[in-house]
Amino acid sequence: MASSSSTTGEKKMLTLKSGDNEEFHLDESLVLQSDLIKTMVKDERVSTIPLPSIKSKTLVKIIEYLKKYAELTATSNKEDFKNIQKEFVNIVLEELLDITVAVNYLKISGLLEFCCQAVADRIKDKSVEAVQKIFKIESDFTSEEVAEFKRETSWAFEGDLDDTTN
């Protein structure tokens, strides 16, 4: 089957379709930073990539990052790159978690490592309760089991309790 990618001059264009049915038309070279998309394009020769688990808001942020990354790769300015990364993760934690899950799905390894580190930095020095709240984890221990565990490992329950939004 022949590829149905539309072309503009020499550039092949691909369409990414978010879970909320918004379409993004992008240069193929930009989205091939994703190993998932690279495999889909190579093996299936598709021009529209459905991404049902990724919301358009999240996809917009990832595309913005990929564009900036491509621009900076051409100029190789490490200080500018660090500033772009800091700006990229300067968002609410819930949004960062959505992006991290999406980047994992898309298999963009460099960005995944960076996002995971940003999440780790955000939960560093947080208490168990704060981390449970951040990740919406319901404890399946009884209150007696929790009390016993707190007595045995009090160090694990130290840390910030209130700052769960950053």
Side-chain angles (χ1 to χ4, degrees), residues 11-41 44 46-141 146 156-166:
K11 291 184 177 184
K12 288 186 178 180
M13 300 298 285
L14 293 177
T15 302
L16 303 183
K17 188 173 183 179
S18 68
D20 45 358
N21 292 319
E22 193 167 334
E23 292 186 352
F24 301 87
H25 307 284
L26 303 161
D27 183 271
E28 181 183 56
S29 64
L30 181 69
V31 294
L32 289 182
Q33 294 177 57
S34 162
D35 288 341
L36 174 74
I37 293 173
K38 191 183 302 182
T39 300
M40 291 177 82
V41 170
E44 300 174 25
V46 295
S47 61
T48 300
I49 311 290
L51 302 170
S53 63
I54 303 175
K55 295 177 186 169
S56 57
K57 178 181 176 182
T58 303
L59 197 52
V60 164
K61 291 287 289 181
I62 294 169
I63 291 167
E64 286 174 6
Y65 181 86
L66 294 177
K67 286 179 179 178
K68 289 178 183 178
Y69 181 82
E71 291 170 14
L72 290 177
T73 302
T75 62
S76 299
N77 187 332
K78 289 183 181 183
E79 189 61 35
D80 286 343
F81 188 69
K82 286 181 182 180
N83 290 335
I84 295 295
Q85 286 181 321
K86 286 179 186 176
E87 179 185 321
F88 182 73
V89 296
N90 190 20
I91 54 178
V92 295
L93 184 58
E94 188 172 334
E95 203 174 334
L96 179 58
L97 293 172
D98 288 344
I99 290 170
T100 304
V101 169
V103 168
N104 182 49
Y105 175 74
L106 291 168
K107 298 181 181 175
I108 306 173
S109 59
L111 183 54
L112 177 60
E113 290 172 22
F114 176 69
C115 287
C116 288
Q117 183 61 55
V119 171
D121 291 343
R122 296 266 185 104
I123 64 171
K124 184 179 176 183
D125 298 327
K126 300 282 190 251
S127 68
V128 170
E129 291 89 354
V131 173
Q132 286 175 325
K133 185 177 176 183
I134 289 168
F135 292 109
K136 299 176 176 98
I137 299 171
E138 295 286 328
S139 176
D140 56 355
F141 294 109
V146 171
F157 292 86
E158 297 172 355
D160 296 333
L161 285 172
D162 298 331
D163 187 19
T164 58
T165 58
N166 291 324

Rounded to the nearest 0.5 Å, what's the gap from OG on Ser34 to CD1 on Ile108? Could you check? 5.0 Å
Check each of Leu16, Asp35, Ile62 against Leu106 using the side-chain contact (heavy atoms from CB on, under 4.5 Å) test, and report the only one that passes. Ile62
For Leu32 and Lys38 the tightest heavy-atom approach is O-CE, 3.1 Å
Shortest non-hydrogen pair, Pro50 vs Thr48, comes out as CD-O, 3.4 Å
Residue pair Asn83 / Glu87, side-chain donor-acceptor N/O under 3.5 Å: no
Atom CZ of Phe24 and atom CE of Met13: how far apart are they, to the nearest 0.5 Å? 13.0 Å
If I compare all heavy atoms of Asn21 with all of Lys17, which pair ends up nearest, and what's the gap? OD1-CE, 3.3 Å
In this structure, CD of Glu113 is separated from CD of Gln117 (nearest 0.5 Å) by 10.0 Å
What is the minimum heavy-atom distance between Ser139 and Gln132, and which atoms define it? CB-NE2, 4.0 Å
Mind checking what makes ring-ring contact (aromatic ring centres under 6.0 Å, His included) contact with Tyr65, not counting sequence neighbours? Phe88
So how far is it from Lys133 NZ to Lys126 NZ, rounded to the nearest 0.5 Å? 11.5 Å
Measuring from atom CG of Leu112 to atom CD1 of Ile99, what distance do you get when rounded to the nearest 0.5 angstrom? 12.5 Å
Nearest heavy atoms of Leu36 and Tyr105, plus distance in Å: CD2-O, 3.5 Å
Between Gln33 and Leu30 (side chain of the first, backbone of the second, donor and acceptor by atom type, cut-off under 3.5 Å), is there such a pair? yes
More than 12 heavy atoms of other residues, nucleotides or ligands under 6.0 Å from NZ of Lys61: yes or no? yes
Heavy-atom nearest pair, Ala102 first then Thr58, reads CB-CG2, 3.8 Å
Check whether any side-chain heavy atom of Phe135 lies under 4.5 Å from a side-chain heavy atom of Ile123, and answer yes or no. yes
Just verifying a value: how many Å separate Ile49 CD1 and Leu26 CG, rounded to the nearest 0.5 Å? 10.5 Å
